[in-house]
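Sequence positions, counted from 1, serve as the residue numbers for this chain.
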Amino acid sequence: MKFDVPPVVMGKLFENGYEDQIIDIVMAFETDPSKEVSDIPLSPISIRNSEQHIVLSTDVLEEYKKLVERIKNPETAEEIPFYLLGNNKIVNGEDVISIEKIIYSIDDNLDDLRVSLDEQKFKKLLMDSNYSIISIGHTHGNVSEEKKNNTLTELLPSDIREKYSIRDVGLNLSIADIWQHEAFKSIASQISNKKVLQTIIMYNGDFITIDDGSISKSNNVQAINQENEIVDIPCCSGQILCKKHK
């Protein structure tokens, strides 16, 4: 297995409790140089709660719905990059992260299993004084069975999948996602003091937002709909585990 992840990222993963999982998967593929550590899946089920309360604006909710509808279809399941912009607010005495705007970062090279974000656009957004929080983000779509069959997630031995609650392809994070988050936080630290989160929208509707500190996610995401009602957004739907059993 190819060790393509920087030591600082591996250190953070180990500190956050992923050492055993990583070692188990590396050992399972130790003789396969075509597999990369960055592709190791991390199940949302295993990510602890950040205790953050996130509320999406009506506009962001509508875009979220469109994205989920698009990425459910294997023919339009590309990983779509975006940025979410917001601020901390006090609502009924509670500290809430209010996500007010979504900006897409789409080029002509969308892929079903890989994503890249526009670093220059990110730097410009860091200078926007209207927002104190920025979340880098992308979608995880329902890719075709043919593409799933060639992924590390689908090839995992069943005992490892079950031990670490690994879900179907497109319904997990990956070490590459954590790596990307750390890289963009590093960029931000040189420019501003904005809080930098990471959001993954999955094809089953799960809205996974990783904290800017530890590897933890919000289990409390809501949105304001067009009727000005508060609606719940899923953060970790029921265990949709890999279908194959080897």
Criterion side-chain contact (heavy atoms from CB on, under 4.5 Å) on Thr151 and Asp39, from CA distance to verdict: CA-CA 8 Å; Thr151 63; Asp39 285 333; over 6 Å; no

Verdict with supporting geometry, Ile40 and Leu152, side-chain contact (heavy atoms from CB on, under 4.5 Å): CA-CA 7 Å; Ile40 290 177; Leu152 176 61; 3.9 Å; yes

side-chain contact (heavy atoms from CB on, under 4.5 Å) between Phe82 and Glu63, worked out: CA-CA 11 Å; Phe82 56 82; Glu63 292 302 314; over 6 Å; no

From CA spacing to verdict: side-chain contact (heavy atoms from CB on, under 4.5 Å), Met202, Leu173: CA-CA 9 Å; Met202 300 177 173; Leu173 280 76; 3.7 Å; yes

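Within 6.0 Å of the CG atom in Asn193, the count of heavy atoms belonging to other residues, nucleotides or ligands does not exceed 12. The local environment of CD in Glu75 is sparse, with at most 12 non-hydrogen atoms from other residues, nucleotides or ligands closer than 6.0 Å. Applying the 6.0 Å contact sphere to CD of Gln226 captures no more than 12 heavy atoms from other residues, nucleotides or ligands.
Partners of Asp212 under the side chain to side chain donor-acceptor pair (under 3.5 Å) rule, at least two apart in sequence or in another chain, do not exist in this structure. Residues that satisfy the salt bridge (charged side-chain N to carboxylate O under 4.0 Å, His left out) test with Glu51, not counting sequence neighbours, are absent from this structure.
Cluster annotation: Trp179 and Val26 are assigned to the same hydrophobic cluster (Ile/Leu/Val/Met/Phe/Trp/Tyr, side-chain heavy-atom contacts under 4.5 Å, transitive). Taken together through direct or relayed side-chain contacts under 4.5 Å among Ile, Leu, Val, Met, Phe, Trp and Tyr, Leu42 and Met27 form parts of separate hydrophobic clusters.
Under the side-chain hydrogen bond (donor to acceptor under 3.5 Å, both in side chains) test applied with Asp211, the options Arg48, Gln52, His181 reduce to a single match, Gln52.
The distance from the NZ atom of Lys101 to the CG atom of Leu56 is 16.0 Å, given to the nearest 0.5 Å.
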